[in-house]
Amino acid sequence: MTVAPVYKQGWTMDDVHWSLFDPSKIEPSLLATVKAAALVEYNAPDYVAYLKRVFAGAPAQTIAAIEQWGREEAQHGRALGRWAEMADPSFNLQEAFARFRKGYTPEHFKEAELVSVRGSRRGEMIARCVVESGTSSYYSAIRDASEEPVLQEIAARIAADEYRHYKLFYDIQKAQPEPELGLWKRFSIALGRVRESDDDELAYSYYCANVPPEKEAVMPYDRKKFSKLASKASMAAYRRQHIEKLVQMVVKAVGANPRGWVASMFGALLWRRLSAKSA
Ligand SMILES: [Fe+2]
Ligand SMILES: [Fe+2]
């Protein structure tokens, strides 16, 4: 039995064993989903700017942690993008990213407001924990599904980072000198963030990453269609244990009883959404 390496925080592009790349082990649906993920990750600086507005006046340590988090997310984008460029030389991270940015900017990234769209810093951190739960389970699923050694390594490194991000935002949430939100409020913020995965971010990143510019005219963007294709490509990697871990993390972020009704409802809901969207 081989023991999986432990990947610590602070790795760089030079730490990845690129020379082990094996083009015979590339799986097309994993390649398609990885290309899309690269664009979303690479878009982190916008999110950093937004979070810094939400946390204006917070302790310097919190701001520094947000900046470090953003650097790690952008590096995820670079690493996934480089792998995708090796796997498919017609893919170009910078080009695809430029198209994605041109067509996708969530409203709350445009506004100069100093409040969180979730209503409070605690609420913002619960939403972040939901996202990090999602990415942590997603990259674990990619790691376990991939037979290509470099993708396995990158996904394992990223999954470990995402889990640390989850813990970081969980701790920031708990440290806020704001009153604790009620269970129903926490639950509805988490549910709201899960629902937002229906917006253009995933569908449009999948489109820009997988439909080359010269094919745009014959294959125009259609949110519903590309949302389905994006889910299908990512769901191909998921196994039951990845979903179970995802539910556990979301339930913990909400602060609900892991064996209570909130937990079973989230479990059923996520499983149904993920499998229905990819059907
Ligand atoms: Fe990431
Ligand atoms: Fe993350």
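All heavy atoms count here, side chains included; hydrogens, waters and symmetry mates do not. First listed ligand is number 1; within each ligand, the first listed atom is number 1.
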Below 2.8 Å, which protein N, O or S atoms neighbour the Fe ion (ligand 1), ignoring water?
E41 OE1, E41 OE2, E73 OE1, H76 ND1, E162 OE2

Can you name the N, O or S atom of E132 that is closest to the Fe ion (ligand 2)?
OE1

What's the separation between atom CG in L51 and atom CD in E124, rounded to the nearest 0.5 Å?
5.5 Å

Only distances under 3.5 Å count here; give the side-chain donor-acceptor pairs of residues 241-252 to other protein atoms, sequence neighbours excluded, each with its distance to 0.1 Å.
{"unit_1": "H242", "atom_1": "ND1", "unit_2": "R239", "atom_2": "N", "d": "3.0"}
{"unit_1": "H242", "atom_1": "NE2", "unit_2": "D144", "atom_2": "OD2", "d": "2.8"}

Taking salt bridge (Lys or Arg N to Asp or Glu O under 4.0 Å) as the cut-off, I'd like each qualifying pair that reaches into residues 25-45, sequence neighbours left out, listed once.
D22-K25, K35-D88

Sort out for me which residue in F226, Y221, Y104 forms a ring pair (Phe, Tyr, Trp, His ring centres under 6.0 Å) with Y204.
Y221

What pairs of donor and acceptor atoms, side-chain ones from residues 259-267 against any protein atom, are under 3.5 angstrom apart with sequence neighbours left out?
{"unit_1": "S264", "atom_1": "OG", "unit_2": "G260", "atom_2": "O", "d": "3.2"}
{"unit_1": "S264", "atom_1": "OG", "unit_2": "W261", "atom_2": "O", "d": "3.3"}

Once you round to the nearest 0.5 Å, how far does NZ of K174 lie from CG of D171?
9.5 Å

